[in-house]
Amino acid sequence: MSEHGWGPRSLDDDALARRRPASPEVPVAPGMVLEDVTTGWVGAVVSLETIGGMRVLGLEDRRGRVKAFPLGPGFLLEGESVVVVEPRRAPAARKPSRTRSGSVAVEGLRASTAKASRVWVEGYHDAELVAKVWGHDLAVEGIVVEPLHGIDDLPAAVREFGPGPGRRLGILVDHLVAGSKESRIAAETMRLPGAAGNVLVLGHPYVDIWQAVKPRTLGVDAWPVVPRGTDWKTGTAAALGWPHRTPGDLGRAWQHILSRVDSYADLEPSLLGRVEELIDFLTAPGA
């Protein structure tokens, strides 16, 4: 087994796995993306309330529609079956605590009703990183983060969203550098009717969001240089000695990286500034 615990499974591993609960309990959190296994509804948690004596979640999909589901079993989180339970109660602090983003935490947070405005990011990894570091801030403001799965169709997605006053979009793009494909798509997007003043496209210089995590967080001096023509995530995992042959390997590699991120201090300034600017744009007076 490798030092990261991702080696081949043994018979003992399989026996241990069978003894584990099939569906672990996961405390609900604002912005958590869940799938209801019965209906297939996928949405971010925007509310938790008591209705008719039952604790009920509100899940908002990417079109802004909200459906209510009973708190408990019957959900998938990142493809895994879970039982969603009450949020953990943090002990009272003697002085204001700080969030992972460095802002002052709002005690006894109840997520604000989700606004029409959104933060769009390129993929699930981007969304998970933003949610981990800025999730508290976004919940206070009622802003939902949604993954786009790439930006090749960004102009069409923005047209469908229909930005306007009170319905803004803040879009975070990977590898947004002069002369890149991404820069051309961003420019085309900003020429759309209604985009001016209601859409903000910002980016970081990295090929992938993984690179926005400081290498020292993982105990390395620098991210590996991946040869042109090689998938960046695959090449990076291989260079670091991690399993890398399947999508599951890369997913576990990302979860390992994400687990090392504790706060904004573990991220590169070029990402921090862009995310903070997007949040300011979406929460400015009159937005």
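Residue numbers count from 1 along this sequence. The analysis underlying the following values was restricted to heavy atoms, covering all of them including side chains, and did not include hydrogens, waters or symmetry mates.
Proximity of Ser117 to Ile143: side-chain heavy atoms (C-beta onward) are separated by under 4.5 Å at one or more points. Annotation: side chain of Val213 is not in contact with side chain of Arg260 (no heavy-atom distance under 4.5 Å). Residues Trp41 and Leu34 are not in side-chain contact: their nearest non-hydrogen atoms beyond the backbone lie 4.5 Å or more apart. Using a 4.5 Å cut-off on side-chain heavy atoms (C-beta onward), Arg216 and Asp266 make contact. The closest side-chain heavy-atom distance from Leu77 to Glu35 is not below 4.5 Å.
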Show me the donor-acceptor pairs within less than 3.5 Å that the side chains of residues 122-131 make with the rest of the protein, sequence neighbours left out.
unit_1: Glu122; atom_1: OE2; unit_2: Asp174; atom_2: N; d: 2.7
unit_1: His125; atom_1: ND1; unit_2: Trp210; atom_2: NE1; d: 3.1
unit_1: Asp126; atom_1: OD1; unit_2: Gly123; atom_2: N; d: 3.2
unit_1: Glu128; atom_1: OE1; unit_2: Trp254; atom_2: NE1; d: 2.7
unit_1: Glu128; atom_1: OE1; unit_2: Gln255; atom_2: NE2; d: 3.3

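Sparse packing is recorded around CG of Asp153, with 12 or fewer heavy atoms of other residues, nucleotides or ligands lying under 6.0 Å away.
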Query - Chi angles and distances behind the salt bridge (Lys or Arg N to Asp or Glu O under 4.0 Å) call for Arg118, Glu60 - result: CA-CA 12 Å; Arg118 293 287 185 271; Glu60 182 179 40; 2.9 Å; yes

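Panel note: side chain Lys132, backbone Leu258; a donor-acceptor pair is recorded below 3.5 Å.
With values rounded to the nearest 0.5 angstrom, Lys181 atom NZ is found 6.5 Å from Ile151 atom CD1. Separating the CG atom in Asp249 from the NE2 atom in His244 is a distance of 8.0 Å, to the nearest 0.5 Å. To the nearest 0.5 Å, the span separating NZ on Lys233 from OG1 on Thr236 amounts to 9.0 Å.
Cation-pi geometry between Arg62 and Trp120 is met: the NZ or CZ atom falls under 6.0 Å from the ring centre, inside 45° of the normal.
Side-chain contact of Arg55 with Thr50: a donor-acceptor pair under 3.5 Å is present, judged by distance alone.
Tyr206 and Trp223 have their aromatic ring centers separated by at least 6.0 angstrom.
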